[in-house]
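The structure presented is a predicted model; accordingly, all values stated were derived computationally and were not measured. The first residue in the sequence is number 1, and the count goes up from there.
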Amino acid sequence: MVDLVEFRTKIFSGPDAYLYLNIGYFIAWFTRAELSITYLIAIVSKITDYEAVDVLTKGMDARVKVVCLRELCRKKGKPIGKDSNLGVRLAHFQEKLIPIRNDFAHNAPSESKTGIPRIYLWGLDRLPEIYPEFPNPSKGKPKEITYDELFHHSLWLNYFTDDLIEVQKALLKGQPPEIVNPRSTAPLKQPPNQPKSSRSAKPRKPEKK
């Protein structure tokens with residue numbers, strides 16, 4: 001029988017540990033932010049039966065929840081301003097962070113062997129030659145994200161979750177849905193201090209378990 005503790009230690013101290021750590025940190029804070037948005041929907045709707053809220057929102061993805069929150073606030077006479085602190089951050093979450101989360105959910109990650117440390121995301125239309133078990137691998141380029149950029153987004157989600165808690169408290173006090181003292185920075189088109197991409201980098205196939 002497999003010793004799970006020993007096996008887990010081996011995996012998380014192996015060559016793919018940094019890959020798992022960074023993806024896991026991003027997903028952990030993405031889900032916290034999404035859950036905070038779900039709670040905002042409950043507050044605006046004045047629903048305190050949270051089991052019912054869970055059932056009603058279970059089929060919604062994060063994008064639908066953002067749309068739903070905006071519409072509910074509008075109908076309740078507390079619209080979220082497009083250029084407000086909350087508005088611009090919700091837009092950034094919807095337009096930038098949700099697609100990254102979806103990329104990780106629907107593509108296979110691997111780490112670059114050379115060049116700038118980055119993660120490649122492979123789909124069926126972009127299979128590399130390191131997967132010989134698949135016939136006729138595509139020559140298409142994979143999606144990619146550097147570790148620095150991914151951590152930048154993860155940390156932003158961490159702070160954004162704190163901001164959403166501030167909005168929750170404001171709504172519970174009957175105040176408008178706004179972030180007065182944001183911890184998350186105003187969204188940037190590109191994370192700061194990002195090195196230029198190196199196209200010479202090659203992917204490394206994740207270690208088989």
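- Once rounded to the nearest 0.5 Å, the distance linking CD1 of I11 with CG of L4 reads 9.5 Å.
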Could you walk me through whether L90 and F160 satisfy the side chain to side chain contact (heavy atoms under 4.5 Å, CB included) test, starting with their C-alpha distance in whole Å, then the side-chain angles of each, then the deciding distance to 0.1 Å, before giving a yes or no? CA-CA 9 Å; L90 281 174; F160 180 52; 4.0 Å; yes
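- With respect to E6 and K10, no salt bridge is recorded, no charged nitrogen being found less than 4.0 Å from a carboxylate O.
- Taking each heavy atom of S154 and N22 in turn, the nearest pair found is OG-O, 4.5 Å.
- At a threshold of 4.5 Å between non-hydrogen side-chain atoms, the residues S112 and I116 do not count as touching.
- Inter-residue side-chain proximity for R89 and I179 is flagged as met; some heavy-atom pair is nearer than 4.5 Å.
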One pair to check against side chain to side chain contact (heavy atoms under 4.5 Å, CB included): V67 and R63. What are the steps and the verdict? CA-CA 6 Å; V67 173; R63 183 194 64 81; 4.1 Å; yes
Between F30 and H153, is a side chain to side chain contact (heavy atoms under 4.5 Å, CB included) present by the stated rule, with each step listed? CA-CA 9 Å; F30 181 94; H153 293 312; over 6 Å; no
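- The closest donor-acceptor contact from the side chain of T57 to the backbone of V53 lies under 3.5 Å.
- Between K169 and E166 there is no salt bridge, since no side-chain N of the basic residue sits under 4.0 Å from a carboxylate O of the acidic one.
- Contact annotation: the side chain of L69 approaches that of I80 to within less than 4.5 Å [non-hydrogen atoms, C-beta and beyond].
- Closest approach of Y25 and N158 over heavy atoms only: OH-ND2, 3.3 Å.
- For the 3.5 Å distance criterion, the side chains of N107 and Y120 fail to qualify, holding no donor opposite an acceptor.
- Residues I119 and F104 are in side-chain contact: their nearest non-hydrogen atoms beyond the backbone lie under 4.5 Å apart.
- W29 and T161 share no side-chain donor-acceptor pair at under 3.5 Å.
- Side-chain contact between P79 and C73: absent, with no pair of heavy atoms (C-beta onward) separated by less than 4.5 Å.
- Salt-bridge annotation for R183 and D162: present, with a side-chain N of the basic residue lying under 4.0 Å from a carboxylate O of the acidic one.
- Within the 6.0 Å centre-distance limit, the rings of Y18 and Y147 are counted as a close aromatic pair.
- E144 places none of its side-chain heavy atoms less than 4.5 Å from the side chain of L121.
- In this structure, T38 OG1 and D54 CG are separated by 8.5 Å, a value rounded to the nearest 0.5 Å.
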